[in-house]
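Positions are given from 1, in the same order as the sequence printed here. For ligands, and for the atoms within them, numbers begin at 1 and follow the listed sequence. Note that this is a predicted model, so its numbers are computed, not measured.
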Amino acid sequence: MQYYSTNNPKYKVTLKEAVIRGLAPDQGLYMPENIPVLPDSFFQRLPTLTFRELGYEVMEALFGEDLNKEQIRELVDHTLVFDAPLVRVEEDMYSLELFHGPTLAFKDFGARFCSKLMSMLMEGEKRKVKVLVATSGDTGSAVANGFYKVPGVEVIILYPKGKVSELQEKQFTTLGGNIHCLEVEGVFDDCQRMVKEAFLDKELNQKMLLTSANSINIARWIPQCLYYFYAWSRLPEKHKKLAVSVPSGNFGNLGAGILAERMGLPIDVFIASTNVNKVVPDFLHGLDFKAMPSVSTISNSMDVGNPSNFYRLLALYGNDQALFREKVKGFYFDDEDTARAMRAVKEKSGYILDPHGAVGYLGLRNFLRMNPGQYVGIFLETAHPGKFKSVVDEVLGIDLELPERLQQFLKGEKKAEQIPIDYLIFREYLNKSM
Ligand SMILES: *Cc1c(COP(=O)(O)O)cnc(C)c1O
């Protein structure tokens with residue numbers, strides 16, 4: 001299978017090139033040149049398959065031309081080491097819990113798949129592979145834990161000093177080994193700029209292979225379609241129309257859901273749920289797509305003013321804006337709405353939402369109220385509430401107990417080098433052997 005750039009459908013590359021480059025040279029996003037549609041027989045068997053079994057079949061359809069059966073098995077087995085239970089919260093409303101992985105957020109799925117696929121594609125490569133990541137929190141932890149101890153790959157994480165929570169920081173700075181952390185005396189945008197400069201540095205790129213593991217990368221994006229198949233396979237009310245609500249920031253997660261639907265999964269409506277960073281809901285309500293500066297909210301992993309996967313969503317609908325607007329409904333909510341929903345759900349059913357899942361819940365609830373009795377709904381719960389303990393405690397007036405895995409991270413010792421906002425110093429660091 002080849003992958004084309006959303007900026008130029010004639011520009012096509014191999015799987016290896018797409019994964020290693022991340023972004024196309026014309027700044028477009030890579031897309032599979034054709035999307036395989038799975039046969040009816042697959043969907044009939046789906047409820048009897050395990051998560052891994054369905055994973056082999058879906059990934060075979062997407063990567064079968066480039067990877068052999070054993071490699072696909074290895075990739076899926078490495079990725080799906082934790083469950084994604086579908087939990088009934090209210091009548092016709094289910095939470096798809098994606099937070100049972102090592103860093104307790106859905107990004108673990110993509111990061112684990114990406115690290116394994118990269119190391120497979122790099123076999124025999126002489127240059128050292130260095131994965132550069134600029135993070136404001138969650139991406140750093142998922143990528144660090146996904147790539148930890150992966151042979152032949154060094155990971156360099158840049159993060160803004162004092163701008164990430166202690167819990168987030170400890171999830172990547174305490175690992176050591178092939179995970180190297182740089183605490184930059186600046187803000188997230190400074191980290192991002194230094195990483196971009198390194199990708200454009202010709203001399204540096206001749207010496208080493210620099211790559212990225214952000215959500216643009218198909219190796220992180222595509223495997224996220226698996227849990228949509230799994231959710232449907234476990235849903236009791238298959239006779240009803242299905243609406244799926246995705247709390248979104250960069251819109252990779254929603255895009256993966258649409259990919260599953262394009263492969264034949266019977267999802268009738270998607271709901272793009274955001275906080276007040278609402279450029280996509282605005283587009284869905286008829287405005288032009290226009291990037292905006294991001295606004296801080298309590299669902300901070302979705303504080304994105306220029307969602308990088310937008311053109312990928314459009315491409316999935318054949319660049320047909322009317323079709324996109326018909327299949328995807330947009331809703332946005334402010335922090336007040338989010339907090340109120342967290343309290344109401346806790347009171348009604350005892351279920352504790354994290355602020356991101358609460359936005360997904362709200363989008364679904366609003367849609368179901370506008371279409372009474374017609375749909376069953378699933379919202380994606382993207383992080384464990386313990387990851388956002390201070391917000392959850394304050395909103396709900398509780399002292400949430402942290403899961404054991406998060407407590408373990410807190411016990412570790414932080415290892416990070418401090419650097420100023422200075423590309424030459426960063427470059428020198430990359431040039432040092434590690
Ligand atoms: C990254 C993240 C999101 C947003 O996902 P996108 O794929 O960027 O839309 C939502 N919730 C949590 C907890 C996240 O970490």
Side-chain angles (χ1 to χ4, degrees), residues 29 84 95-111 113-114 133-146 164-165 167-168 171-172 188 213-228 244-260 270-281 283 294 297-313 316 328 330-333 338 342 352-363 379-389 391-392 406:
L29 305 169
S95 166
L96 178 61
E97 294 186 347
L98 300 175
F99 56 71
H100 296 277
T103 72
L104 297 103
F106 81 97
K107 291 188 175 73
D108 284 327
F109 286 97
F113 189 92
C114 182
V133 190
T135 184
S136 53
D138 273 356
T139 299
S141 49
V143 170
N145 285 273
V164 304
S165 75
L167 193 55
Q168 287 178 319
Q171 285 190 307
F172 49 86
F188 171 71
N214 63 20
S215 70
I216 293 293
N217 199 307
I218 52 162
R220 251 190 74 185
W221 175 62
I222 290 180
Q224 297 179 144
C225 73
L226 294 178
Y227 44 72
Y228 290 86
V244 176
S245 172
V246 186
S248 296
N250 261 323
F251 283 84
N253 205 359
L254 176 62
I258 299 172
L259 174 65
F270 283 100
I271 298 156
S273 303
T274 71
N275 56 33
V276 292
N277 294 282
K278 59 183 178 63
V279 300
V280 173
F283 165 83
S294 66
T297 74
I298 57 170
S299 47
N300 66 328
S301 299
M302 312 198 300
D303 294 348
V304 181
N306 187 11
S308 41
N309 284 292
F310 178 77
Y311 291 100
R312 192 168 254 161
L313 304 190
L316 285 162
V328 185
F331 292 92
Y332 69 91
F333 305 94
T338 308
M342 289 166 68
I352 297 181
L353 293 165
D354 99 289
H356 305 78
V359 169
Y361 167 89
L362 276 170
F379 64 92
L380 274 50
E381 183 37 295
T382 47
H384 189 286
K387 275 203 103 159
F388 301 94
K389 177 174 164 60
V391 174
V392 173
L406 285 183

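Distance check, rounded to the nearest 0.5 Å: OG of Ser141 to CG of Asp108 gives 7.5 Å. One finds the CE atom of Met302 at 7.5 Å from the OG1 atom of Thr338 (value rounded to the nearest 0.5 Å).
Considering every non-hydrogen atom in both Ile352 and Glu381, the closest pair reads O-OE2, 4.5 Å.
Between Phe388 and His356, the ring-plane angle classifies as tilted under the 30° and 60° cut-offs.
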Name the atoms and distances for all side-chain donor-acceptor pairs under 3.5 Å in residues 272-281, with sequence neighbours left out.
unit_1 : atom_1 : unit_2 : atom_2 : d
Ser273 : OG     : Ser245 : OG     : 2.9
Thr274 : OG1    : Asn277 : O      : 3.4
Asn275 : OD1    : Asn277 : N      : 2.9
Asn275 : OD1    : Asn277 : ND2    : 2.9
Asn275 : ND2    : Thr297 : OG1    : 2.9
Asn275 : ND2    : Ser299 : O      : 3.2
Asn275 : ND2    : Ser299 : OG     : 3.0
Asn275 : ND2    : Asp303 : OD1    : 2.9
Asn277 : OD1    : Val295 : N      : 2.8
Asn277 : ND2    : Val295 : O      : 2.9
Asn277 : ND2    : Asp303 : OD1    : 3.4
Lys278 : NZ     : Asp282 : OD1    : 3.4
Lys278 : NZ     : Asp282 : OD2    : 3.1

For each nitrogen or oxygen atom of ligand 1, which protein N/O atoms lie closer than 3.5 Å, and how far apart are they, rounded to 0.1 Å?
unit_1   : atom_1 : unit_2 : atom_2 : d
ligand 1 : 7 (O)  : Gly252 : N      : 3.2
ligand 1 : 7 (O)  : Asn253 : N      : 2.9
ligand 1 : 8 (O)  : Asn250 : N      : 2.8
ligand 1 : 9 (O)  : Gly249 : N      : 2.8
ligand 1 : 9 (O)  : Asn250 : N      : 3.3
ligand 1 : 9 (O)  : Phe251 : N      : 2.8
ligand 1 : 11 (N) : Thr382 : OG1    : 2.8
ligand 1 : 15 (O) : Lys107 : NZ     : 2.5
ligand 1 : 15 (O) : Asp138 : OD2    : 2.8

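For Tyr227 and Phe109, the gap between ring centers is short of 6.0 Å.
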